[in-house]
Amino acid sequence: MIDLAALKKEAKQLLKDEKVTYLLGYRQGSNGHRAVPAFIREPEEVEQLTWDPTCTYNLTRYLIDEVRERNSSEEREDRPVGILVKGCDNRAINVLLQEKYLRKEDVHVIGISCEHAGMVDEKKLARELKNQPVMEIEFGEGDRFVVTTEEGKTTISAEKILADRCLECKASYPAGAEVIFGDKVKREFTRPYKGLQEIETLPAGERWAFWKAQFEKCIRCYACRSVCTMCYCDECVVDSIELAVTADTTAEEKARKVRWAERSPVTSENFTFHLTRAMHMAGRCVDCGECERACPVDIPLRLLYAKLARTADKMFDYEAGSDPDQPPLTSSFTMDDPGDFIR
Amino acid sequence: MEKILTKQALPRWIEQLDAYQIYAPVREQEGWKYAIVDTPDSVTLDYPNTVLSLKSILFPQREVFLEFHSQNGRDLEVEELLPGDAQSVIFGVRPCDAKAISLMDKVFGGDYIDNYYWKRRNQTRLIGLACNEPVSPDCFCNAVDGAPYSTEGLDILMTDLGDRYFLESVTEKGEELLAVEDDLFQEAGKKDQKAVKDLRSGAEKKFERKIPELQNMPEILANLFDSDFWEQESMSCIRCGICTYLCPSCHCFDINDEVETAAPLKGVRVRTWDTCQFPDFTMHSSGHNPRSDRAARLRQRVSHKYRYFPEQYDAFLCTGCGRCIDKCPVGIDIVEVLNKAVDYEG
C-alpha cells in the first residue's frame, strides 16, 4: 500500500526547502469521486494531495506547457518542477528526455507504483455498479478495489474494472525513478497487446469496416491530441496557427498554405488526422491510454498505437521510454537494422 | 392539450407518424446518440442523455452551404445547397437540450436569419422527455433558470409515469402530432395530473448542484476580467474542444472552401463547428492572437455563457446539461468555477 502520509511529508519538504517551483499531483475533484490534476505551490496546500484509483491523468502533459513557458521567459527558472508519476507516466518523461525536449534538471520525479492494481475505467465501473453513483473508490488488498456507494462498501477485483491500458501494462511502477512510493510488483494478470491481438484476428475487410465506423464517429475535438504528452508540436498539422509568419506575409502565401486535413469531420479527413497522429506515435507512445480515456465518442485509439509499439518491439527490440539514455527509435540507426533497404 | 399514452402503444404512435423521419436515442457502445429509427419497436426512452446534444441534428457539425465549379477557370458556377425537405420528429429530447435550441433560435434568428438553420428547425418537431430525476450527478438545469420538466423549445413534453406517458403539447406542431387515430391516446385525468405534479416537485429536490449568485454573474465576471483567477482555474486545461463541441448551446462556427479538384475547379463551401478553445479560433492573419493562452480561453467560454450572452439576449447560454463537466478530460467543472468566482479576491 502507498503510504500517503509519507508521500505528503516528502512533498511538503520539497516545497518548504524550495527545491521545486511547484508540485504536480492529484487532488479530490468537485465532480463526484474523481481526482483531478493539482498544481501545488505552498507547503500548506500539500494536504490536498490524494492517491486513489482515479488518478488516471498523465501529468507529464503539463510539462509541455512548462517547457514552453520556460523557453519563452527571459529569466529561465532553474529549479525543477516536482511531479508524481506512475509507471506509464515515467516512460513519457523518458521519451521527452530522449528527444531532448525536456532537460533532466527541469523535473524532479516522484514515482508511485500502481502495485497490484492500477487505474479504474469509469465506464467499466459504471457498468459493474449498474450506474449507481460512486462516493469513493480506494485501493484495497492486493488487486482489489474498495468502492463506496450509498449502499455501503463493496470489493471489486481489478480485472473487472481496471482500465484496458492497465490490464495490458508491462511495468506497473516507474522503473528508473529515483524515489518510488509503493512496492515494485510484477502483476500476474497483465496481457500485453491483448486488444490488438483480438482485432488482428479479423480479416482485412472487416478491420477496414471497423476503423471506418470508428473514424466516422470522430468529432475532431482533438482531445486525444491535447491530452497527449507526445503531441508537443508547436503547430499541429490540423490547425494552422502559423498562417502568417510575419506582418509581410502576402495573401498569396497564406492562400498557398497547405491544408493537410480539411475542417470537415468526414471519414477521409478524420483518417488523415488519426493516421498522421498514429505515425507520429511510432516508438514514442508509452501507452498511458489518456487519448482513449479522453475520447468522448469511445474510439479505441490505443489499438492504433499498440500496433506501432509492438512493431517497434518485434523488429527493433525497442520499448518507448524504457531507457532515457537510449537514442529515440526513429532517429537512430544500427548496422544490423532488419530492413535491408536502409543498409 | 394533455393526453395519456401507454408505453405499449408508443410504437403504434410512431407508426402513425410515417410522414416524418423519426429520430430517437439509440445506444452506441458506452453512450447514446440520436439516430434515425426504422423500426418503431426499437425506440426505448429509458436512457440518460446523449453524448452529442440535440444541436448535432439541428446545427450539424458540417453543413454544406454551396457547391462551386468552373470548367475553364474563369466562369464560376455556384449552386446553393439548402438542407433537404424531410419533415422530422425527434423523440426523447431532454429539456436542457431543447432549451439550448431555443437559445440558438435567438442567435440564428436575430439580425441575420440563417436559412440553413431555420429550414431544419422549421421542419423538425421536438418531443421532450422530462427528467424525473437528474440523469447524471453533473446535471444542474434548475441552477440556471431551467427545470427538469421545462417545455422551452419543445412541441410536446412526455413524462414517464411508470407504465404510461403523460403527454403535454405546447405548440400547434405538437397538437398536430397528437391528432391521430382516436383510440391511441386517453384523456389525462386528475390522477395523472397529480402524479405529474408530484414527480416534478420531487425531481426539483434531487439536484445537488447550485449556483447561488447566478443572477449576479454578469457583474461578478465583469469585475474579474483582468484577474489572475482565470490563470488559476485554467491551469489544468488542455485546450481540447470537448466542452464546447458537446455543449448543447455553443454555436460558434467556421466557414471554409474545401476544394476537391483545382483544375477544373470544383469544391464546396462548408460550415463546421469551431471552438474558442482552439489556438486558431481567434488567430488574426497578422499573426497576432488576442486569446493566445488557456486563461483567456476559459474566461471566454465562461463569460460568453454567463456574461456576454445574458447582456445581449437576457438569458444564460448554459442549460445545465453537465456534459462539459462529465466529459472534461481533466475535471474542469464550470459550476465550481462560477461559485469560486463569487468569493475570489486577488
Side-chain angles (χ1 to χ4, degrees), chain A residues 29-39 54 56-57 59 61-62 64-65 122-124 126-127 131 133-134 217 219-228 235-236 238-247 249 251 254 259 262-266 269 290-291 293-300, chain B residues 28-31 33 48 51-52 56 61-62 64 136-138 209 232 235-246 254-256 258-259 268 270 272-275 277-281 283-289 292 294 322-323 325-333 335-337 339-340:
Chain A
S30 56
N31 175 22
H33 63 288
R34 285 184 254 177
V36 294
F39 295 72
T54 67
T56 48
Y57 316 93
L59 301 172
R61 160 67 182 80
Y62 297 114
I64 304 304
D65 292 342
E122 291 290 337
K123 288 161 191 160
K124 289 185 188 177
R127 224 181 302 148
N131 292 320
V134 176
K217 296 189 301 191
I219 57 168
R220 302 268 290 278
C221 65
Y222 301 136
C224 48
R225 171 195 76 181
S226 303
V227 81
C228 180
E235 179 176 10
C236 179
V238 287
D239 39 36
S240 304
I241 51 168
E242 302 293 329
L243 195 65
V245 182
T246 68
T249 309
K254 288 172 194 167
R259 276 193 296 190
E262 298 288 5
R263 199 121 205 200
S264 283
V266 293
E269 307 309 293
E290 283 290 89
C291 48
R293 179 186 67 84
C295 179
V297 293
D298 300 322
I299 301 173
Chain B
E28 185 182 60
Q29 278 169 268
E30 303 289 338
K33 65 167 191 179
V51 176
L52 288 180
S56 60
Q61 189 172 6
R62 177 179 193 258
V64 181
S136 131
D138 303 314
R209 289 174 163 268
Q232 287 185 28
M235 286 295 280
S236 62
C237 177
I238 56 170
R239 284 87 81 198
C240 74
I242 289 182
C243 48
T244 48
Y245 279 5
L246 264 46
D254 190 15
I255 297 173
N256 282 291
E258 297 185 349
V259 178
V268 286
V270 294
T272 50
W273 292 349
D274 201 353
T275 161
Q277 302 305 303
F278 285 167
D280 57 355
F281 183 74
M283 193 74 191
H284 293 184
S285 62
S286 67
H288 172 63
N289 192 345
S292 60
R294 59 188 174 218
R323 286 181 179 91
I325 305 172
D326 180 38
K327 294 285 184 186
C328 175
V330 296
I332 292 176
D333 176 342
V335 175
E336 191 196 22
V337 171
N339 288 334
K340 272 171 139 175

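Within every chain, numbering begins at 1; the chains are lettered A, B, ... in the order of the sequence lines, protein sequences first and strands thereafter.
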Proximal component of A:Y222, with respect to chain B [non-hydrogen, under 4.5 Å]: both
Approximate separation, where rounding is to 0.5 Å, of [X] [atom1] and [Y] [atom2]:
X	Y	atom1	atom2	answer
B:T272	A:R263	OG1	CZ	5.5 Å
B:K327	A:C221	NZ	SG	10.5 Å
A:D239	B:D274	CG	CG	9.5 Å

So what's closer than 4.5 Å to chain A heavy atoms on [X]: side chain, backbone, both or neither?
X	result
B:V51	side chain
B:I332	neither
B:V259	backbone
B:D326	both

Winner by heavy-atom pair count (cut-off under 4.5 Å) against chain B, out of A:V227, A:V297, A:I219: A:I219
Winner by heavy-atom pair count (cut-off under 4.5 Å) against chain A, out of [options]:
options	answer
B:V64, B:V270, B:I242	B:I242
B:S56, B:C243, B:G241	B:G241
B:L52, B:N256, B:L246	B:N256

Beyond-backbone contact of A:V36 with B:S236, side-chain heavy atoms, under 4.5 angstrom: no
Modelled atom types, side-chain donor and acceptor of A:K123 and B:Q29, under 3.5 Å: no
Set of residues satisfying salt bridge (Lys or Arg N to Asp or Glu O under 4.0 Å) with respect to A:R220, sequence neighbours excluded: none
For A:E262, salt bridge (Lys or Arg N to Asp or Glu O under 4.0 Å) partners two or more places apart: A:R259
Indicate the atoms forming the closest heavy-atom contact of [X] with [Y], along with that distance.
X	Y	answer
A:S30	B:E336	OG-OE1, 3.3 Å
B:V330	A:Y57	CA-CE2, 3.7 Å
A:R293	B:P329	NH2-O, 2.8 Å
B:G31	A:D298	N-OD2, 4.1 Å

Test item: B:R239 side-chain N/O and A:S226 main-chain N/O as donor-acceptor pair under 3.5 Å: no
Under 3.5 Å donor-acceptor, B:E258 side chain and A:S264 backbone: yes
Pairing of A:R34 and B:D333 as salt bridge, 4.0 angstrom limit: no
Steps toward side chain to side chain contact (heavy atoms under 4.5 Å, CB included) verdict (A:D65, B:R294): CA-CA 10 Å; A:D65 292 342; B:R294 59 188 174 218; 3.3 Å; yes
